[in-house]
Amino acid sequence: MMKFRFRRQGADPQREKLKQELFAFNKTVEHGFPNQPSALAFDPELRIMAIGTRSGAVKIYGAPGVEFTGLHRDTTTVTQMHFLPGQGRLLTLLDDSSLHLWEILHHDGCAHLEEALSFQPPSRPGFDGASGPPSLTRVTVVLLVAAGDMAALGTEGGSVFFLDVPTLTLLEGQTLGPDEVLRSVPDDYRCGKALGPVEALEGHLRDPTKILIGYSRGLLVIWNQAAQCADHIFLGNQQLESLCWERSGSTLVSSHSDGSYAIWSADTGSSPTTQPMVATTPYGPFPCKAINKILWRNCESGGHFIIFSGGMPRASYGDRHCVSVLQAETLVTLDFTSRIIDFFTVHSTRPEDEFDQPQALAVLLEEELVVLDLQTPGWPAVPAPYLAPLHSSAITCSAHVANVPAKLWARIVSAGEQQSPQPASTALSWPITGGRNLAQEPSQRGLLLTGHEDGTVRFWDASGVALRPLYKLSTAGLFQTDCEHADSLAQAAEDDWPPFRKVGCFDPYSDDPRLGVQKVVLCKYTAQMVVAGTAGQVLVLELSDVPSEQAVSVSSVDLLQDREGFTWKGHERLSPRTGPLPWPTGFQPRVLVQCLPPAAVTAVTLHAEWSLVAFGTSHGFGLFDYQRKCPVLARCTLHPNDSLAMEGPLSRVKSLKKSLRQSFRRIRKSRVSGKKRAANANSKEANAQLAEQACPHDVEMTPVQRRIEPRSADDSLSGVVRCLYFADTFLRDAAHHGPTMWAGTNSGSVFAYALEVPTAVAGGEKRPERAVEAVLGKEVQLMHRAPVVAIAVLDGRGRPLPEPYEASRDLAQAPDMQGGHAVLIASEEQFKVFTLPKVSAKTKFKLTAHEGCRVRKVALATFASVACEDYAETCLACLTNLGDVHVFSVPGLRPQVHYSCIRKEDISGIASCVFTRHGQGFYLISPSEFERFSLSARNITEPLCSLDISWPGDAARARYPTAT
Amino acid sequence: MHEFGAEFRRFSLERSKPGKFEEFYGLLQHVHKIPNVDVLVGYADIHGDLLPINNDDNYHKAVSTANPLLRIFIQKKEEADYSAFGTDTLIKKKNVLTNVLRPDNHRKKPHIVISLPQDFRPVSSIIDVDILPETHRRVRLYKYGTEKPLGFYIRDGSSVRVTPHGLEKVPGIFISRLVPGGLAQSTGLLAVNDEVLEVNGIEVSGKSLDQVTDMMIANSRNLIITVRPANQRNNVVRNSRTSGSSGQSTDNSLLGCPQQMEPSLEPEEEDSDDEDIVIEDNGVPQQIPRAVPNTESLESLTQIELNFESGQNGFLPSNEVSLAPVASGPSTEFETRAPDQKLLEEDGTIITL
C-alpha cells in the first residue's frame with residue numbers, strides 16, 4: 001500500500017502537459033477609469049490620448065480596444081505628459097522633477113509601451129549658487145519644440161532649460177535665466193522684484209524658433225531661440241496661471257489667479273506692450289477663483305472658442321468644478337462632480353491650416369473623462385466607448401453572464417440606447433481613434449453586471465478589452481426615499497447665471513443606503529432578473545421592449561418564523577410606492593418581496609423555468625413563487641444564542657465592540673512601533689541589548705497573538721445564509737429526480753428541499769396555476785462548521801448541471817439524469833463531494849488544513865484546451881483570503897494549479913472578485929477599475945493593437961546609443 | 001467479603017478458572033440480588049489499595065492476587081465515590097469502609113485519583129517519538145465536543161536555526177499563552193514559548209500567523225502540533241541503539257527531522273474529524289459514511305498523496321534508508337547508506353538546534 005502511494009508521488013508528465021494546455025494565469029487588462037489621474041496628453045497626429053496617475057502609471061488609449069499601459073519604476077505622481085507628435089513617444093514629468101521618455105514599440109506586430117530613457121535633473125548642493133547656473137530642482141512646465149527634438153523646461157527659479165530629447169541630456173549653455181530676460185524689461189517694471197517661476201511655455205505653430213514664456217509675476221516674453229533675444233515683451237501685472245498662443249501667432253491669451261483673462265496682440269511693433277487688448281473677469285464682479293488653464297481656438301465660421309477651467313465666483317460657487325466654453329455670445333458653464341485635472345481640444349494642428357476648427361473638447365476629471373462634441377450645436381456629450389466610471393456610485397456587488405444570446409444582447413443594447421438617446425445630427429463619434437485593434441472579434445458576448453450603492457444595476461459589455469456601458473437599471477423609483485429628486489431639479493432651474501450644465505455621471509452620493517444592491521442574478525434565456533438589496537428587498541424584473549405603466553405586486557416574508565426573543569434594531573424596510581408606476585423600456589419590476597426583518601440579502605438565486613426565486617439573509621431563507629406571487633417557504637436559520645444577528649448593520653453594540661478591539665490593537669501597535677523607533681534611534685545600545693537577551697526581548701515585542709479555538713455552534717452570525725442553489729436531481733430516492741433547493745449557512749449547515757413544481761404542458765412556457773410545495777429532504781451539518789460558500793450538483797458524468805433552460809434550448813449538453821448524481825459543497829475551509837440521494841462522502845480537499853488559507857470565492861468554470869479544439873474540463877476555481885487562485889479538478893477535487901493573483905492586504909479586491917464561466921475573472925484594483933485576469937490558457941481577453949508610427953525608432957536608437 | 005449498603009456476602013471462586021468479568025459481574029448481581037442495578041466493583045490489592053475491577057484483565061489480576069480471600073467492594077454507580085480508588089486508599093485510612101460508605105467524609109489530603117478505564121478517553125498524546133529528533137515533540141490534542149476549550153494562543157517570533165549558511169534568525173510561530181483549565185494546559189505537553197514547527201504534518205515555516213491560526217482551527221478536532229519545547233529538560237531520553245531502525249532515528253535527528261513525517265499523521269487517512277452529519281427526512285441525525293470505493297476514490301487516494309507531497313519532501317529517500325538495514329547485512333549497508341545521507345544534507349536540509 002505504502003509503496004503504491006510513493007510510486008504515485010511524482011507528477012504524471014502527461015497530465016502536466018495537459019495542465020499547461022488548459023491553465024495559464026495572465027492579468028490581461030484594466031477596465032474602467034484609472035484611479036487618481038493626474039495628467040493628460042493628446043497626440044493629434046496619432047489621435048491617441050495618455051492619462052497619467054498619481055501612482056506613476058501611464059495609460060494610452062486610442063480607438064476602442066487600443067490600450068497600452070506603462071508603470072514608472074517609482075510610484076510618483078505623473079504631473080505632465082507630452083506626446084512627440086506622430087512618433088509614438090511620450091515625455092512624462094514626475095513629481096520628483098524626473099523626466100521619462102516612453103516609446104510605443106511593436107513586438108510580433110503588437111504594440112507595447114516601454115520606457116526608453118529617463119533624466120533626473122542635477123540637484124547638487126550649491127548648484128544654484130551665485131556663480132553657477134540657476135538650479136533645475138523643480139520643473140514647472142515642459143514644452144516640446146522643433147518637432148520634438150528639443151524640450152524647454154521652465155523651472156520654479158524662473159529659468160528655462162533646454163533638453164535634447166532623443167538622448168534626454170541637458171543642452172548646456174543654452175539655459176535662459178531670468179536675468180537675461182529682465183535685461184529687456186523696462187526699469188520701472190523691474191523694480192527689484194523677481195519674475196517668479198515660469199508658469200507657461202508655448203510654442204509657435206509655424207515658427208519653431210519662437211517660444212512664448214510666461215512668468216508667475218505676469219510678464220510674457222516671446223523669446224527668439226535662434227537670435228537669443230526677446231522679440232516682444234508684454235508687461236502683465238496680474239499673477240499668471242496659463243497662456244495660449246493663437247495659431248497665427250498674432251494674438252495671445254493669458255489667464256490669471258484673480259479669475260480674469262486677458263487678450264494680447266503680438267503685432268504691435270517691438271516696444272513692450274503694457275496693456276492687453278481686452279481684460280475681463282467672466283464671472284465677476286465679486287472675487288473669483290483662478291482660471292487655471294485657458295485655450296483659444298479659432299473657427300472658420302468666425303467666433304473663436306475660449307475654453308477655460310475655474311474662475312468661478314469665490315463666495316457662491318467656489319466649490320464647483322467648472323469648465324467654461326465661450327463662443328461668441330454662447331457661454332456654457334460645464335458643471336462637473338469631481339475635480340478637473342486637465343482638458344484638451346481635438347482640432348487641426350497642420351501648420352498650413354488657417355483655422356483650428358475644434359471638433360471636440362475632452363475634459364479629464366478626477367473620476368471620469370467627458371468628451372463634448374463642439375461641432376454640433378448645444379455641444380452634446382459624446383458617450384465614451386471605454387474609461388467608464390464604474391464607480392459613478394460605489395460598486396456593491398458584481399456578476400458575470402457569459403454567452404449572452406444575441407437576441408437578449410440586442411434588446412439590452414436597444415434599451416440602453418433609448419435611455420440615453422443620441423442626437424441624430426451628431427456627426428462626430430468618438431474623436432480618439434488612433435491605432436488598430438488587432439484582437440479578434442469576441443467569439444461570445446459577455447455581460448458584466450455591477451450593483452451599486454444607489455440602487456442601480458449597470459450592464460457592461462465585457463466581451464472585449466474596452467468595457468462599454470450598455471444599460472443602467474435603477475430600482476430607486478420603486479421606493480419612497482427621503483430625498484426626492486424633484487427639488488434638486490427645481491433648485492437648478494432657479495439660477496440661470498452662471499449657465500450651469502450638469503455634465504458627467506459620477507455621483508458618489510447615495511440617497512438612501514438601503515437602496516444598495518447586494519445580489520444580482522440574470523436569466524439570460526428569459527430576460528428575467530432578480531435584484532436584491534440592503535433592506536431585504538428582492539425584486540423580480542423582466543425585460544420589456546416597450547414602456548409600461550403598472551403596479552408592482554408587493555409581498556413580505558417573515559424569516560424569523562415567530563422565533564421568540566428577537567427584536568430587530570437595524571434599519572426600517574423600504575416603503576414601496578403604491579399604485580401604477582410608469583416604467584421605461586428595459587427591465588421593469590414585476591414582483592417585490594420584502595424580507596422581515598429587513599436585513600441585507602446575503603444570497604439569492606433564480607429559476608426562471610420554475611418561476612421561483614430563493615433569497616436569504618442573516619436570519620433565514622425564503623422561497624417565492626413569482627408566477628403565482630405567493631411565498632412557498634420560509635425558514636429561520638438563527639441560532640438561539642445569536643444576539644448579533646438582530647443588531648442590524650448600524651449596530652451600536654457591534655461597533656463598540658469592534659472599535660474597542662481596534663483601539664486596543666492600535667495601542668498595542670503604537671507601543672511596538674514606539675519601541676522599534678527607539679531601537680533605531682540608538683541602535684548600538686539596542687543591538688547590544690538584543691545580543692544579550694534576544695529571546696525575552698522578542699517576547700516583549702510580540703505584536704499580536706491569535707486564539708486557537710474551533711468554531712462553536714453558537715458563534716455570532718452563524719445563521720447567515722451564504723448560498724442558495726436550485727437543481728433538478730435525486731434527493732429522496734435514486735429512481736426519481738425532481739426540483740430541489742439547497743441552502744448553505746455561515747455555520748456549515750446545508751438544507752436541501754425537495755420541491756413539487758407543477759410541470760408545464762409540453763410546449764407551454766408557463767406552468768399550470770398550482771401551488772409549489774417544498775419538503776425538507778436532507779440537512780447536512782459540516783462538522784468543521786465553516787461557512788458554506790457554494791453548492792453545486794454534478795451529474796452522473798461529474799459535470800455540473802446546466803443552468804435552467806440551457807439544455808432545453810440546446811445551448812448545453814443535457815445532463816446525465818441516469819442517477820449517480822453528487823453534490824459539491826464548498827465551505828470556507830474544505831471542498832467535499834457527497835453522493836446523492838444517499839449522502840456519503842465521496843471526495844474532499846481540505847484547503848485550510850493544508851495551506852492555511854480560507855476560501856473567499858469559488859466558481860465552476862470550463863477550461864478549454866489550447867491544443868485541442870474541443871477538449872475542455874470543468875474545474876473549480878477558488879480565490880483564497882491570501883489572494884491566491886487555486887484550480888481543482890471536479891469531482892476528484894485534486895489541486896491542479898495555483899497562482900498568486902491579488903495582494904492579501906487588498907481586502908476589497910479579494911471581496912470584489914468574480915469568476916466567469918470560461919476561466920476568467922475580474923476584481924477591483926481601485927474603486928473605479930476592474931482588473932481582468934485569465935486562468936484559462938485559451939480564453940484570454942487582452943489588448944492586441946498596433947499604431948502607425950512615423951518615427952523610425954530603431955534608426956534613431958542607433959544614432960543615439962542608449963545611456964544606461 | 002462484599003459490601004453494598006453495609007451488606008456482606010461471602011462466596012467462593014475457582015482461582016485457576018476465574019472466567020470472564022461479565023460472568024463475575026453477573027454473579028455479583030445474583031448473590032446480592034440486584035440484577036438491574038449498575039455497580040462499580042473494586043478490590044483491595046496486596047498493598048491495601050482499592051483498585052477497580054471492570055474488565056477481564058484486572059479481574060484476573062484481582063483473582064490471582066487474592067491471599068487467600070479477595071475483598072470485593074461494590075458501590076452503586078450513581079452514588080459511587082470515584083476518588084476512593086487509587087493508591088494508598090486503604091492503608092492511609094484507618095478504615096476504608098467508613099470512607100467508602102460515607103463519601104462525604106472529609107479527607108485531609110488529596111491523593112492521586114484514578115478514573116475508571118471505561119470512562120477514559122485520550123485527551124492528548126505524544127506521538128512519533130521514534131522518528132522525531134529528541135529536541136522536538138509531536139503532540140496530539142483530542143477535542144471532544146465543546147466542554148473544554150483547546151485553550152492556547154500563538155504569536156509571531158523569531159528563532160535561530162543552523163542552515164548551510166550558518167546561524168540564521170528566522171521568523172517562527174510560538175505558543176504565547178495557555179488558558180487555565182484548557183485542554184492544552186491540562187496535557188502538560190505544551191508550554192508558553194514552545195516553537196510550533198508543524199501543524200498536522202505541514203510545516204509552518206513561511207506561513208503567516210493568520211495562516212497557522214487557520215490551519216490549527218481547521219484541524220482543531222484532531223490537532224497534531226510538532227513543537228520545539230522551550231524547556232528542553234523534560235525531553236524523552238531514548239534508548240537509541242536497541243534496534244536497527246531506532247538507531248536510524250538518532251541519525252534522523254541529526255539530519256533535521258521537521259522534513260520527515262509519519263504517514264499515520266496524515267489527517268486524510270484517519271479522518272477522525274470527518275464526522276459530518278446528515279439528517280434525512282426521518283429526522284434522525286447520522287454520520288455521513290464514506291462512499292464505497294470505486295474508480296472515483298482512487299482519485300481521492302492520489303489526492304492524499306499529493307497533499308503528502310506538498311508538505312513532506314524528502315521523506316521517501318530517508319524512509320528507504322531506514323528500511324535498508326533490516327533487509328540485509330548491516331556491515332555493507334552502512335557504506336551504501338552514507339552517500340544517501342550526504343545527498344540529503346547537500347539538499348540544504350535545515351538542521352534545527
Side-chain angles (χ1 to χ4, degrees), chain A residues 2 4-6 8-9 694-695 698-699 701-713 732 748 754 775-784 786 798 829-830 832-835 838-854 881-882 889 891-895 904, chain B residues 143 146 149-158 160 176-177 193 200 202 204 207-221 223 263 267-268 273-281 285 288-292 296-297 299-311 316 319:
Chain A
M2 296 305 281
F4 165 71
R5 291 174 159 216
F6 291 128
R8 291 285 303 263
Q9 188 180 21
C695 199
D698 285 342
V699 175
M701 297 272 282
T702 300
V704 256
Q705 55 180 4
R706 293 277 185 271
R707 183 158 174 254
I708 308 299
E709 214 54 70
R711 261 178 236 92
S712 69
R732 286 192 279 194
V775 183
L776 182 62
K778 285 186 187 0
E779 213 179 308
V780 174
Q781 175 63 56
L782 301 175
M783 284 319 277
H784 62 286
E829 295 185 355
Q830 309 183 355
K832 287 187 164 174
V833 173
F834 299 101
T835 58
K838 173 97 185 69
V839 176
S840 55
K842 205 172 172 189
T843 54
K844 67 178 162 183
F845 185 78
K846 297 184 179 179
L847 184 72
T848 308
H850 284 102
E851 312 279 338
C853 52
R854 306 174 65 83
N881 63 333
L882 304 178
S889 66
L893 297 180
R894 292 180 57 184
K904 70 173 180 218
Chain B
K143 171 103 181 94
T146 49
L150 275 173
F152 68 100
Y153 291 71
I154 56 171
R155 62 166 172 90
D156 280 316
S158 64
V160 182
S176 62
R177 189 153 90 82
N193 291 333
N200 287 55
I202 294 161
V204 304
K207 292 205 156 59
S208 71
L209 183 64
D210 287 329
Q211 274 176 284
V212 178
T213 306
D214 281 340
M215 285 166 68
M216 287 186 171
I217 291 173
N219 286 308
S220 57
R221 299 181 65 80
L223 184 59
E268 296 285 349
D273 60 341
D274 205 30
E275 299 155 355
D276 298 336
I277 287 171
V278 62
I279 304 170
E280 302 278 350
D281 30 18
I288 296 178
R290 301 213 65 177
V292 188
E296 220 75 71
S297 65
E299 236 179 328
S300 72
L301 241 179
T302 46
Q303 167 212 337
I304 294 166
E305 290 143 31
L306 228 130
N307 309 332
F308 188 82
E309 192 181 85
S310 64
L316 180 55
N319 189 46

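These numbers come from the heavy atoms of this one structure, side chains and all, not from hydrogens, waters or symmetry mates. Numbers restart at 1 for each chain; the letters A, B, ... are given by sequence-line order, proteins then strands.
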Heavy-atom side-chain proximity of B:Asp210 to A:Asn881 below 4.5 angstrom:
no

In Å and rounded to the nearest 0.5 Å, what is the OG1 to CD distance from B:Thr213 to A:Glu709?
12.0 Å

With sequence neighbours left out, the residues meeting side chain to side chain contact (heavy atoms under 4.5 Å, CB included) with A:Glu779 are A:Arg635, A:Phe751, A:Leu776, B:Ile279

Got a second to check how far A:Lys832's NZ is from B:Ile288's CD1, nearest 0.5 Å?
7.5 Å

What closest approach, in Å, do B:Lys207 and A:Glu851 show between heavy atoms, and which atom pair accounts for it?
CE-O, 3.2 Å

Identify, with sequence neighbours excluded, every residue that meets side chain to side chain contact (heavy atoms under 4.5 Å, CB included) alongside B:Met216.
A:Ile708, B:Phe152, B:Ile154, B:Val196, B:Val199, B:Val212, B:Leu223, B:Ile225

Just wondering, do A:Phe834 and B:Asp276 contact through their side chains at under 4.5 Å, heavy atoms?
yes

So how far is it from B:Arg221 CZ to A:Met783 CE, rounded to the nearest 0.5 Å?
4.5 Å

Rounded to the nearest 0.5 Å, how far does CD of B:Glu280 lie from NZ of A:Lys838?
6.0 Å

Tell me, for A:Thr835 versus chain B, whether the close heavy atoms (under 4.5 Å) come from the side chain, the backbone, both or neither.
side chain

Might you point out which heavy atoms bring A:Ala849 and B:Ile202 nearest each other, and give the distance in Å?
O-CD1, 3.4 Å

For residues A:Lys904 and B:Ser208, determine if any side-chain heavy atom of one lies less than 4.5 Å from a side-chain heavy atom of the other.
yes

By a 4.5 Å heavy-atom criterion (distance strictly below it), what part of A:Glu829 contacts chain B: side chain, backbone, both, or neither?
side chain

Distance-minimising heavy-atom pair for B:Leu209 and A:Val704
CD2-O, 3.8 Å

In short, A:His850 meets B:Met215 closest at the heavy-atom pair O-CE, 4.4 Å

Between A:Leu847 and chain B, with a heavy-atom cut-off of 4.5 Å, which part of the residue counts as in contact: side chain, backbone, both or neither?
neither

